[in-house]
Amino acid sequence: MKRFFITLSYNGKNYVGWQIQPNGVSVQQVLQDALSTVLREPVEVVGAGRTDAGVHARKMVAHVDFSDERFDSMRLVKNLNSFLPHDISIREIREVSPDAHARFSAISRTYKYYLTTEKNPFLYDLTYRVFFQPDIDTMNALCEVLKGYEDFTSFSRLHSDVKTNNCRISEAYWEQEDTTRFTFTITADRFLRNMVRAIVGTLLEAGRGKLDERGFRRIIEARNRQVAGDSAPGHALFLHEVVYPEDIWVAK
């Protein structure tokens with residue numbers, strides 16, 4: 001058996017999230033079924049992490065093991081893309097070392113969140129529209145505060161099955177694309193469930209003048225999800241990048 005990393009993109013609108021769930025169709029299930037059909041053997045797909053319902057991915061990575069010695073990556077990518085629905089696209093398949101893991105081997109993950117103040121029929125299902133002009137300077141000042149903490153319980157979904165709520169955030173910032181569009185970028189070694197959406201929702205409270213630095217620090221230090229802001233909607237959130245160490249890749 002050999003292990004391969006699959007890099008894919010998807011629009012999450014029609015899915016209950018990445019992870020297989022009993023209450024609807026997931027990206028993981030659709031990909032796993034497609035691979036099993038194309039490879040003509042049952043396979044299990046393991047992703048780099050979870051994305052919530054409606055959340056998109058420009059770059060998700062998953063690993064799979066299979067035994068076909070006649071592996072042709074370009075052909076397999078083409079066959080899978082012909083088989084998969086229009087909202088899931090395979091970008092690359094590469095062999096990795098047998099102990100490489102899509103989730104546990106990742107060094108960092110980057111998410112982007114897209115905001116607009118404009119009513120735009122071409123962006124409404126991929127951006128979050130707000131009805132105020134966000135104060136980017138204030139929100140960026142609080143982004144710097146974020147990087148000084150490691151325990152993000154206040155931004156984690158309640159009753160999550162994780163051993164620790166500690167994460168190391170290496171970058172977090174807002175950019176203004178034009179007068180109406182804004183992008184939030186955040187990179188960390190790992191993320192908790194709902195963490196990015198909860199952070200965005202809380203930063204937007206600051207962006208409309210309802211939260212200052214002292215209040216933001218109190219929210220983080222409370223380690224209580226109920227004191228943070230509402231989660232921003234999932235449809236404007238994208239998993240943008242997953243980074244791995246170079247030594248996991250098998251030479252082509």
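Throughout, residue positions are numbered sequentially from 1 according to the sequence presented. Side-chain atoms are counted along with the backbone in the values below, which use heavy atoms only and exclude waters and symmetry mates.
Ile20 and Leu239 fall into different hydrophobic clusters, where Ile, Leu, Val, Met, Phe, Trp and Tyr are joined by side-chain heavy atoms under 4.5 Å apart, directly or via other members. Residue Val25 is not grouped with residue Val16 when hydrophobic side chains (ILVMFWY) are merged at heavy-atom distances under 4.5 angstrom, including chains of intermediate members. In terms of hydrophobic clustering, with Ile, Leu, Val, Met, Phe, Trp and Tyr side chains grouped at heavy-atom distances under 4.5 Å, Val43 and Val38 are assigned to a common cluster. Neither Leu237 nor Tyr124 shares a network with the other; the hydrophobic side chains, linked directly or stepwise wherever heavy atoms of I, L, V, M, F, W or Y lie under 4.5 Å apart, form separate groups for each.
For the pair Leu8/Leu80, no side-chain contact is recorded, criterion being any heavy-atom separation below 4.5 Å from C-beta on. Considering only heavy atoms from C-beta on, Trp18 comes within 4.5 Å of Val45 through its side chain. Contact annotation: the side chain of Gln133 approaches that of Phe182 to within less than 4.5 Å [non-hydrogen atoms, C-beta and beyond]. Here the side chains of Leu35 and Phe66 are not in contact, with every heavy-atom distance at 4.5 Å or above.
The shortest non-hydrogen separation linking Cys167 to Phe152 is O-CE1, 3.4 Å. Considering every non-hydrogen atom in both Pro42 and Ser36, the closest pair reads CA-OG, 3.8 Å.
Between Phe184 and the options Tyr114, Trp174, Tyr128, a ring pair (Phe, Tyr, Trp, His ring centres under 6.0 Å) holds for only Trp174. Test Ile169, Ile220, Asn165, Asn166 against Glu150 for side chain to side chain contact (heavy atoms under 4.5 Å, CB included) and you get one pass: Asn166. The only member of Thr51, Leu31, Ile90, Leu84 that meets side chain to side chain contact (heavy atoms under 4.5 Å, CB included) when paired with Tyr10 is Thr51.
With rounding to the nearest 0.5 Å, the separation of CE in Met1 from CZ in Arg3 is 9.0 Å. To the nearest 0.5 angstrom, Arg103 atom CZ is 7.0 Å from Arg50 atom CZ. The CD1 atom of Ile199 sits 12.0 Å away from atom CG of Leu204, with the distance rounded to the nearest 0.5 Å. Put simply, NZ on Lys119 and CZ on Arg129 are 6.5 Å apart, with the number rounded to the nearest 0.5 Å. Interatomic distance, NZ of Lys59 versus NE2 of His240, reported as 9.5 Å (0.5 Å rounding). Taking OG1 of Thr202 as the reference point, atom CG of Leu142 lies at 10.0 Å (rounded to 0.5 Å).
With salt bridges taken as basic N to acidic carboxylate O contacts below 4.0 Å, none links Lys210 and Glu205. At a threshold of 4.0 Å, the pair Asp52-Arg197 counts as salt-bridged, since one of the basic side-chain nitrogens sits closer than that to a carboxylate oxygen.
Atom CZ of Phe132 has more than 12 heavy atoms from other residues, nucleotides or ligands within 6.0 Å. Other residues, nucleotides and ligands contribute at most 12 non-hydrogen atoms within 6.0 Å of the CZ atom of Arg168. More than 12 heavy atoms of other shown residues, nucleotides or ligands fall within 6.0 angstrom of atom CZ in Arg94. Counting heavy atoms of neighbouring residues, nucleotides and ligands inside a 6.0 Å radius, atom CZ of Arg190 exceeds 12 of them. Summarising the local packing, CG of Asp151 is surrounded by more than 12 heavy atoms from other residues, nucleotides or ligands at distances under 6.0 Å.
No hydrogens or angles considered: a donor-acceptor pair under 3.5 Å links the side chains of Gln29 and Asp33. Inspection of the Arg225 and Ser231 side chains reveals an N or O donor paired with an N or O acceptor under 3.5 Å. Donor-acceptor pairing under 3.5 Å is recorded for the side chains of Glu171 and Thr187.
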